[in-house]
Protein chains: 2
Amino acid sequence: MKTSTLQDVARVAKVSTATVSRTLSNPNVVSESTRRRVSEAVKITGYRINRAARNLRTQRAHSVLVLLPDLANPFFSAILEGISRNLSQQGYSMLIASTKQVHDSGERLIDYLDDARADGMIILDGGLDADIVEMLETAPQANRILFACEWIDGANFPSVRCQNRQGTRTAVNHLYDLGHRKIAHVTGPEGNVLMHSRKDAFVDEVEHLKLEQRPEWIIDGDFSLAAGCQAALKWVGLHDRPTAVFCASDQLAMGFIAELSRRGFKVPDDVSVMGFDDIDLAEHFIPPLTTIQQDRLMIGETAAKMLMARIVTPNEANSDQAAVLPVSLVVRESTASLR
Amino acid sequence: MKTSTLQDVARVAKVSTATVSRTLSNPNVVSESTRRRVSEAVKITGYRINRAARNLRTQRAHSVLVLLPDLANPFFSAILEGISRNLSQQGYSMLIASTKQVHDSGERLIDYLDDARADGMIILDGGLDADIVEMLETAPQANRILFACEWIDGANFPSVRCQNRQGTRTAVNHLYDLGHRKIAHVTGPEGNVLMHSRKDAFVDEVEHLKLEQRPEWIIDGDFSLAAGCQAALKWVGLHDRPTAVFCASDQLAMGFIAELSRRGFKVPDDVSVMGFDDIDLAEHFIPPLTTIQQDRLMIGETAAKMLMARIVTPNEANSDQAAVLPVSLVVRESTASLR
DNA sequence: CTGAAAGCGCTTACAG
DNA sequence: CTGAAAGCGCTTACAG
């Protein structure tokens, strides 16, 4: 069974293909009777538009590429959901690839835009190499590239992110309000924009609150469970242990707590621990994790919306260079008053 | 800056577009000197193929749709990674959508194939409505549809899955070998093929080992953390508590354990608990989870490979109707000998 | 080994 | 409001 084309519909409806096309894309420019005849013919023939043909003709791929650092990282799933929701609403498809894979396959990121596979891209990876960033910046399609969650310092791409600094301040103040005066921070990976943003805000706030600061209370991590475990060992080894620890991600916090309980420490009795993100697991963890919530669904939706605006009306760009979405404190049971 | 086309390359190389096309897709059918001239011209013009044009001409979308029940579920990320790896190797792109979203947007799944957006689809959702399944089965492109992880009982689609029955048997025997004779099972969601497959295998194996069986030792769940918590409450309420519990998913097991420790029970001291899947978190959980490992990366790769074979050579299909991938027992600390 | 030409299935000025 | 015609950028028999 051959799938039917505009021609087939036109023949059945006894109109030209132009008219069928118009009827389908802009019904109110044709007459009532034409509309009826065409929609009847569509039903009879079982016509489905051929997107490849439309894409070629309109010079639009009608799809957007989402670029992740790593497909296997569950942090991104809710963001994808948000992006996809907004995209499909506008008849766009979502293409997914990981930075690493694109690189390994010898392709260049910009190829996706160059070869008409995608009309724009949302990049969730702030760790791109400098030469790749430069290639993206100087590309003619640069205005159809947008970052979400992470971003590139110094580059001029629009971005969607959460209030990393504000969230960090809120976290430190939550611990402060509970009476904690010795607070440690487990950081994200070196070089990561989120890591720096949160660490800087942490240092600032601790200073602002006139709390004691020690270099060994800033513990290097990398957002992962494993790094959280490592950090816990460092904490255990400190002579003068902080009574509270703010971790740059929930995964870090979970690893931290896991390792501590393995060694006989209790959270929050022996130390209060906070995360950042509020991933699904956070509320089911033992103990349920106090954390800073970012609305990943909204980050995704906002990113898609901003990108689509730039794709549809490329001229009016640069009106919204960045969207910074609010975060909120979620108090659960991994933090407690200092006794 | 306009992107250059085959025409531009042809002009610079002083050959026909046909020759350029040949050189690019099948270099060894042209002469050495032509090859040199063309690749020189490609470099000069910065030519990138226009995929929309190629797709239209070749009647191939060069992309595959992966259909998830739910984008926000982290269980699938490793599978996507596997699929994407294989696909991009063959120059194919990966489109992602969720069953729910497609349905909500008023589209039909088969549209993706019908309108030349995708050449095939990998469905990770065994819970499709019967009418949708029928539409897929009777479609002309039915042979380019494949299920992975889950499948549809009674439908004739090829599928990739893990050894659900064998894994379950292995789990029960692990507990048996540790001395447990009273073993409970927390199931997946009613109606789910994996739930039935694992539950049936559980019942069979318990019977085969001549263990005591009681209806209340089969606890209804649904793969989620929350359901695991619920199940734990049921276990606590039993007069004669099983000494070991096999959960149909890791998430269930984690919820189960979390709720138990909230109530002062210790795992594995008071009860041994096992999961199924071996998700990333399993080894970092407290206690690290004994579970049945399925290789999600390989499931993804195998699915992509099987589908691509059917897309490239549609005729030779039906040679491999199902791939059943091995699982393995991973013993950690959530199970222990009965004392 | 190479070129001229047709055509994939649409959309969109242009003319009426 | 409608149709004839051009053309998006490729690939591929066909002929030489």
Side-chain angles (χ1 to χ4, degrees), chain A residues 1-39 41-42 45-63 91 111 113-119 312, chain B residues 1-39 41-42 45-63 91 111 113-119 312:
Chain A
M1 189 193 106
K2 186 97 177 44
T3 101
S4 44
T5 70
L6 260 199
Q7 294 262 24
D8 300 323
V9 179
R11 202 175 308 121
V12 172
K14 301 200 195 309
V15 295
S16 71
T17 57
T19 297
V20 178
S21 178
R22 278 188 213 103
T23 310
L24 263 25
S25 61
N26 203 357
N28 36 350
V29 305
V30 303
S31 75
E32 166 69 26
S33 76
T34 301
R35 221 177 300 145
R36 255 204 321 269
R37 287 230 305 284
V38 169
S39 72
V42 166
T45 55
Y47 172 73
R48 290 281 130 191
I49 194 172
N50 181 314
R51 298 210 177 211
R54 178 175 54 148
N55 289 350
L56 174 58
R57 174 62 225 226
T58 59
Q59 305 283 59
R60 282 270 170 80
H62 293 97
S63 68
D111 285 350
L113 263 30
D114 264 350
D115 69 11
R117 239 181 307 180
D119 296 322
V312 175
Chain B
M1 188 193 106
K2 186 93 178 51
T3 101
S4 43
T5 70
L6 259 198
Q7 294 260 24
D8 301 324
V9 179
R11 201 176 308 121
V12 172
K14 301 197 197 308
V15 294
S16 70
T17 58
T19 296
V20 178
S21 178
R22 278 188 211 102
T23 310
L24 263 26
S25 63
N26 203 356
N28 37 352
V29 305
V30 304
S31 75
E32 167 68 27
S33 76
T34 301
R35 222 176 301 146
R36 257 205 319 270
R37 288 228 306 285
V38 168
S39 72
V42 165
T45 54
Y47 173 73
R48 289 281 129 191
I49 194 172
N50 181 314
R51 298 211 178 210
R54 178 174 54 147
N55 290 350
L56 174 58
R57 174 61 224 225
T58 59
Q59 306 282 58
R60 283 271 171 81
H62 293 97
S63 70
D111 285 350
L113 265 29
D114 263 349
D115 67 13
R117 241 182 307 178
D119 296 323
V312 175

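To find a chain, count down the sequence lines: A is the first, B the second, and so on, and within it residues start at 1.
One can place CG of B/Asn50 at 6 Å from P of D/dG9, the figure rounded to the nearest angstrom. Atom CD1 of A/Ile49 is separated from atom P of C/dG9 by 13 Å (rounded to the nearest Å). Rounded to a whole Å, the CG atom of A/Leu6 is 15 Å from the C1' atom of D/dA4. In this entry the distance linking CD of B/Gln7 with P of D/dC10 reads 9 Å, nearest Å. Atom P of nucleotide C/dT12 and atom CG of A/Asn55 are separated by 12 Å, given to the nearest angstrom. Taking atom CZ of residue A/Arg51 and atom P of nucleotide D/dG9, one finds them 21 Å apart after rounding to whole Å. Here the P atom of nucleotide D/dG9 and the CG atom of B/Leu24 are 16 Å apart, to the nearest Å. The CZ-P distance, from A/Arg117 to D/dG9, rounds to 17 Å in whole Å.
OP1 or OP2 of D/dG3 lies within a sub-4.0 Å distance of a side-chain N or O belonging to A/Ser16. Remark: A/Thr5 is not in phosphate contact with C/dC8, judged by side-chain N or O atoms under 4.0 Å from OP1 or OP2. Distances shown here put a side-chain N or O of A/Thr19 below 4.0 Å from the OP1 or OP2 atom of D/dG3. Between C/dT2 and B/Thr34, a contact under 4.0 Å exists linking OP1 or OP2 to a side-chain N or O. In this model, the phosphate group of C/dC8 is not approached by any side-chain N or O of B/Thr58 to a distance below 4.0 Å at OP1 or OP2.
One N or O on the side chain of B/Ser4 and one on the backbone of B/Thr45 form a donor-acceptor pair closer than 3.5 Å.
Separating the OG1 atom in B/Thr3 from the CD1 atom in B/Ile49 is a distance of 11.5 Å, to the nearest 0.5 Å.
Here the shortest heavy-atom pairing between A/Ala116 and B/Asn50 reads CB-OD1, 3.7 Å. Contact detail for A/Val9 and A/Tyr47: the closest heavy-atom pair is CG2-CB, 3.4 Å.
Considering only residues two or more places apart in sequence or on other chains, B/Asp8 meets the salt bridge (charged side-chain N to carboxylate O under 4.0 Å, His left out) condition with B/Arg11. For B/Asp119, the side-chain contact (heavy atoms from CB on, under 4.5 Å) test picks out B/Arg60, B/Ala61, B/Tyr92, B/Arg144, B/Ile311, with sequence neighbours left out.
Pairs engaging residues 23-35 of chain A under the salt bridge (charged side-chain N to carboxylate O under 4.0 Å, His left out) rule: A/Glu32-A/Arg35, A/Glu32-A/Arg36 [sequence neighbours left out].
Residue A/Gln59 has its side chain nearest to D/dC8 when only D/dC8, C/dT2, D/dC10 are considered. The side chain of B/Tyr47 has D/dC10 as its nearest neighbour among D/dC8, D/dC10, C/dT11.
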TODO: Show the numbers, then the answer: is there a side chain to side chain contact (heavy atoms under 4.5 Å, CB included) between B/Val38 and B/Val15?
DONE: CA-CA 8 Å; B/Val38 168; B/Val15 294; 4.2 Å; yes
Got a list of protein N/O to nucleotides 13-16 of chain D N/O distances below 3.5 Å?
from	atom 1	to	atom 2	distance (Å)
D/dA13	N6	B/Arg22	NH2	3.2

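Rounded to whole Å, the P atom of D/dA13 lies 23 Å from the corresponding atom of D/dG9. Taking atom C1' on both nucleotides, C/dT12 is separated from C/dG16 by 16 Å, rounded to a whole Å. Between D/dC1 and D/dA5, the distance separating the two P atoms is 23 Å to the nearest Å.
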Open item on the list: As a check on the pairing definition, encode DNA chain D in dot-bracket form, counting Watson-Crick and G-U wobble pairs whose two distances are under 3.5 Å, and using | for partners outside this strand.
Closed with: |||.||||||||.|||
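Using a 4.0 Å heavy-atom distance criterion, A/Arg60 is classed as making no nucleic acid contact. Counting any heavy atom pair closer than 4.0 Å across all strands shown, A/Arg35 reaches no nucleic acid atom.
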For a quick test of your reading: what N or O donor-acceptor pairs under 3.5 Å do the side chains of residues 17-28 of chain B make, sequence neighbours left out?
from	atom 1	to	atom 2	distance (Å)
B/Thr19	OG1	B/Ser16	OG	3.2
B/Thr23	OG1	B/Thr19	O	2.6
B/Ser25	OG	B/Ser21	O	3.1

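Here A/Arg51 pairs with B/Asp115 in a salt bridge; the nearest charged N to carboxylate O distance falls below 4.0 Å.
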